[in-house]
Amino acid sequence: MLKLFNTLTGRQDVFEPIEPKHVRMYVCGVTVYDYCHIGHARSALVFDVLRRYLEYSGYAVTFVKNFTDVDDKIIKRANEQGVSCETVTQKFIQAYYDDMGKLGVRQASVEPKATEHMAETIELTNTLLRKGLAYQIEGDVYFDVARYPEYGTLSKRKLEDLQAGARVEVDERKHHPMDFALWKKSKPGEPSWSSPWGPGRPGWHIECSAMSIRYLGETFDIHGGGMDLIFPHHENEIAQSCGATSQHFAKYWVHNGFVQINKEKMSKSLGNFFTIREIFAKSEWSDAITGEILRYFLLSTHYHGPLDFSDQALKEAKSALNGFYDLFGRLAESEDKTIADPDLDLAIDRCQAGFRAAMDDDMNTPAAIAALQGLRNDVNKLVGVGLSTESRKLARQVFRSLGTVMGLFQLERWDFNVRIEPKPADLVGTAFPPAVTAAKQMTPEEIDGKVAERIEAKKRKDFKRADEIRAELKSSGITVEDKPDGTSRWKR
RNA sequence: GGCGCCGUACCCAAGUGGUAAGGGAGCAGUCUGCAAAACUGCGAUGCAGCGGUUCGAACCCGCUCGGCGCCUCCA
């Protein structure tokens, strides 16, 4: 029984979808005017995992995630670079897919763009005008917050409080300082669509109402996004949507916490952000491994709390994953002992129960990871006692299937995918300080040759030569492990 | 001024009334030609501080200290 912290009610609520076995969820995507940073990665990943867990739990999930592709910042960026808004948005939508793809974030069922839903946006605005919840001034249309008594329910704010703290210059024409634009008259050179109020473009909040209603209906299950969207974005979405439809909007509101640098929010203005592509470029590991490290790191803290990004945190995630992949390597070897096979079933049951309980508890990924660590420990012990080849495959399969929910443990081999090509000099030694310079990296074939040579040396009892080879490999970042049967395995 | 979050071992991090998960790092041991991995053991008499409620509190209440976020575009 899944429980989710619901911002709307301020507590954990038992999740019950409106339609049995079908979940409809909407998540606010990104405004495509720049590259995504780790904070965007966290948000995308949190809802990717929620979606995966709902599917794992047997629900069909209709997942809608939008692109905001008309916005002041996009216009500004386009003007700075002397290109069209489409050029900007296309570039960063592609970059989004590249980056999120490397992170293993699955695409949503529908990924609508604001610019492709003008008809719905205009219709919704019209409805709000007709119902007297909005007013028109010189080609602009504003939502009239004073006419919507429930305003502030989500963010637990009162209009009076907001007024007292308002720091922005207030447009004198507005009825109330908190009234927000549904439709903005376009200035010359700006993107523009014809409307009953003249040429213009939608306000920021209305697109999400229009697109969520379009694809999920007037009432749906889950609406998600970063904490910073609670006010004003989501508050305004509720006002517009409920105002227009007179129906409930989203039932559960889920918000993820921020990624921080040294306890401060990662943000453009502070200049303390890392883009996703920057992390991948600086990593000494292959994209597949780097992606898994980032996922492990981002999921090692509960989604609701803050998460501090650092080199050390990434290293710890890497070390923790090494333990799993070391075990997977042992499991890949054949054996016909069956002594511990019955115990394996017990260990698997325990892990699955723990995993499910953790995820049901407001998607507690750190506790879910702890359950997987528990199974790692159990299986390591059982392998020592003796597991059949079939049981070894089963154990690996359990890690793979539970790992699917979090996007972990899907790689065949952890160590064969190390990046060989050299990195640009200015990228070395930052996010992932390389243990070995690119020049000293060896190919798997070269390593296999060295390992074979060392085994020959060992057979001759030439331990001096064997140790030399081991040291040589070590300097290239290769660790050789001798097995009891005289053969060896290696890893990076 | 209003609203809200956080403070758990060297580091990261679960736990929100029943006597401190897990990971990383470290130390010791078993195993090993040596290593690595794995396993075993050690490690917070205490959960920012001070009071209070309770048979019992990291968890509830109050106050204090410290850090942060939102109220303006922001995942």
Side-chain angles (χ1 to χ4, degrees), chain A residues 7 10 12 27-31 33-34 36-47 68 71-73 76 152 155-158 160-169 178 204 224-233 235 255-260 262-269 273 296-297 300-302 304-308 310 312-313 315-324 326-327 329-330 354 358 361 364-374 376-377 379-381 383-385 458 461-464 466-467 470-471 474 478-484 488-491:
Chain A
T7 307
Q12 281 190 15
V27 171
C28 289
V30 293
T31 301
Y33 75 103
D34 206 345
C36 292
H37 56 59
I38 306 297
H40 298 112
R42 185 181 191 195
S43 186
L45 189 54
V46 162
F47 293 103
T68 296
D71 168 87
D72 289 347
K73 290 189 292 298
K76 182 163 176 274
S155 56
K156 315 279 188 283
R157 287 156 210 257
K158 301 189 194 85
E160 310 85 75
D161 298 340
L162 291 166
Q163 214 169 346
R167 273 189 278 156
V168 277
E169 284 183 47
M178 292 317 296
W204 174 38
M227 292 277 190
D228 46 0
L229 297 182
I230 295 171
F231 191 90
H233 184 55
E235 194 69 61
H255 294 98
N256 66 275
F258 297 126
V259 175
Q260 309 180 321
N262 294 325
K263 309 289 185 189
E264 285 187 317
K265 179 182 175 182
M266 186 184 282
S267 75
K268 301 262 161 125
S269 53
F273 62 94
Y296 191 99
F297 160 67
S300 64
T301 297
H302 184 82
H304 206 252
L307 190 167
D308 228 59
S310 67
Q312 191 193 325
K315 281 185 203 153
E316 289 185 3
K318 169 69 166 54
S319 297
L321 282 164
N322 281 345
F324 285 102
D326 280 340
L327 172 60
R330 295 176 76 191
D361 182 18
N364 191 335
T365 50
I369 287 173
L372 290 160
Q373 290 283 8
R376 179 176 79 90
N377 183 257
V379 174
N380 262 318
K381 277 185 241 180
V383 166
V385 176
K458 275 176 65 185
K461 302 280 181 198
D462 184 356
F463 296 119
K464 184 168 175 293
D467 288 349
R470 191 208 295 281
K474 192 76 190 170
I478 310 299
T479 303
V480 182
E481 294 179 13
D482 293 339
K483 294 193 282 182
S488 302
R489 61 170 93 90
W490 61 266
K491 65 180 184 182

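Since this is a predicted model, take the numbers as computed values, not measurements. Atoms considered below: every heavy atom in the structure, side chains included; atoms not considered: hydrogens, waters and symmetry mates. All chains are named by letter (A, B, ...) in the order of the sequence lines, taking the proteins before the strands, and each is independently numbered beginning at 1.
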What's the [atom1]-[atom2] distance between [X] and [N], to the nearest Å?
{"X": "Leu321(A)", "N": "G23(B)", "atom1": "CG", "atom2": "P", "result": "13 Å"}
{"X": "Gln260(A)", "N": "C70(B)", "atom1": "CD", "atom2": "C1'", "result": "13 Å"}
{"X": "Lys461(A)", "N": "G33(B)", "atom1": "NZ", "atom2": "C1'", "result": "7 Å"}
{"X": "Lys458(A)", "N": "G33(B)", "atom1": "NZ", "atom2": "P", "result": "8 Å"}
{"X": "Asp71(A)", "N": "C73(B)", "atom1": "CG", "atom2": "P", "result": "10 Å"}
{"X": "Arg489(A)", "N": "A36(B)", "atom1": "CZ", "atom2": "C1'", "result": "9 Å"}
{"X": "Asp326(A)", "N": "A38(B)", "atom1": "CG", "atom2": "P", "result": "6 Å"}
{"X": "Ile38(A)", "N": "A75(B)", "atom1": "CD1", "atom2": "C1'", "result": "12 Å"}

Give me the atom names and distance for the closest heavy-atom approach of [X] to [Y].
{"X": "Gly152(A)", "Y": "Glu235(A)", "result": "N-OE2, 2.8 Å"}
{"X": "Asn364(A)", "Y": "His302(A)", "result": "CA-ND1, 3.7 Å"}
{"X": "Val379(A)", "Y": "Leu327(A)", "result": "CG1-CD1, 3.9 Å"}
{"X": "Gly39(A)", "Y": "Met266(A)", "result": "N-SD, 4.1 Å"}
{"X": "Arg330(A)", "Y": "Arg489(A)", "result": "CG-NH2, 3.8 Å"}

Inter-nucleotide [atom1] distance ([N], [M]), Å rounded:
{"N": "C27(B)", "M": "G33(B)", "atom1": "C1'", "result": "25 Å"}
{"N": "A13(B)", "M": "G23(B)", "atom1": "C1'", "result": "8 Å"}
{"N": "A58(B)", "M": "G1(B)", "atom1": "P", "result": "34 Å"}
{"N": "C60(B)", "M": "C10(B)", "atom1": "P", "result": "24 Å"}
{"N": "G24(B)", "M": "G62(B)", "atom1": "C1'", "result": "38 Å"}
{"N": "G56(B)", "M": "C68(B)", "atom1": "C1'", "result": "34 Å"}
{"N": "U53(B)", "M": "A20(B)", "atom1": "C1'", "result": "22 Å"}
{"N": "A57(B)", "M": "U16(B)", "atom1": "C1'", "result": "10 Å"}

What nucleic acid atoms does [X] come within less than 4.0 Å of, heavy atoms only: base, sugar-phosphate, or nothing?
{"X": "Gly257(A)", "answer": "base"}
{"X": "Phe231(A)", "answer": "sugar-phosphate"}
{"X": "Met227(A)", "answer": "nothing"}
{"X": "His37(A)", "answer": "base"}
{"X": "Thr479(A)", "answer": "sugar-phosphate"}
{"X": "Ala313(A)", "answer": "nothing"}

- Query: Going by atom types only, do Ser488(A) and Lys483(A) share a side-chain donor-acceptor pair under 3.5 Å?
  - Reply: no
Identify which nucleotide among [options] has an atom closest to any side-chain atom of [X], counting heavy atoms from C-beta outward.
{"X": "Ala370(A)", "options": "A25(B), G22(B), C11(B)", "answer": "G22(B)"}
{"X": "Thr301(A)", "options": "A75(B), A13(B), C11(B)", "answer": "A13(B)"}
{"X": "Glu481(A)", "options": "C11(B), A37(B), G33(B)", "answer": "A37(B)"}
{"X": "Lys265(A)", "options": "A25(B), C71(B), A75(B)", "answer": "A75(B)"}
{"X": "Val259(A)", "options": "C39(B), A14(B), A75(B)", "answer": "A75(B)"}
{"X": "Asp482(A)", "options": "G33(B), A37(B), A38(B)", "answer": "G33(B)"}
{"X": "Ser319(A)", "options": "C39(B), C12(B), G24(B)", "answer": "G24(B)"}
{"X": "Arg157(A)", "options": "C39(B), G23(B), G2(B)", "answer": "G2(B)"}
{"X": "Lys491(A)", "options": "A75(B), G67(B), A37(B)", "answer": "A37(B)"}

Would one find a side-chain N or O of [X] under 4.0 angstrom from OP1 or OP2 of [N]?
{"X": "Arg376(A)", "N": "G22(B)", "answer": "no"}
{"X": "Lys381(A)", "N": "U40(B)", "answer": "yes"}
{"X": "Asn364(A)", "N": "A14(B)", "answer": "no"}
{"X": "Asn377(A)", "N": "C39(B)", "answer": "yes"}

If you go through the side-chain atoms of [X], does one of them form a donor-acceptor pair with the base of [N] closer than 3.5 Å?
{"X": "Gln373(A)", "N": "G23(B)", "value": "no"}
{"X": "Arg470(A)", "N": "A35(B)", "value": "yes"}
{"X": "Asp467(A)", "N": "G33(B)", "value": "yes"}

Is there a Watson-Crick or G-U wobble partner for [N] with both distances under 3.5 Å, and which nucleotide is it?
{"N": "G69(B)", "value": "C3(B)"}
{"N": "U45(B)", "value": "none"}
{"N": "G29(B)", "value": "C39(B)"}
{"N": "A9(B)", "value": "none"}
{"N": "G51(B)", "value": "C61(B)"}

**Report entry** RNA chain B: 5'-proximal contact among Ala371(A) and Gly39(A) (nearest heavy atom)
**Finding:**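 Between the two, 5'-proximity favours Ala371(A).
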Sorted by position of nearest nucleotide on RNA chain B, 5' first, the leading residue of Val480(A) and Ile369(A) is Ile369(A)
Here the gap from Phe258(A) atom CZ to Ser43(A) atom OG, rounded to the nearest 0.5 Å, amounts to 10.0 Å
Given the options Gln260(A), Glu264(A), Lys265(A), Pro306(A) meets side chain to side chain contact (heavy atoms under 4.5 Å, CB included) only with Gln260(A)
Per side-chain hydrogen bond (donor to acceptor under 3.5 Å, both in side chains), Thr479(A) is matched among Lys474(A), Lys491(A), Arg470(A) by Lys474(A)
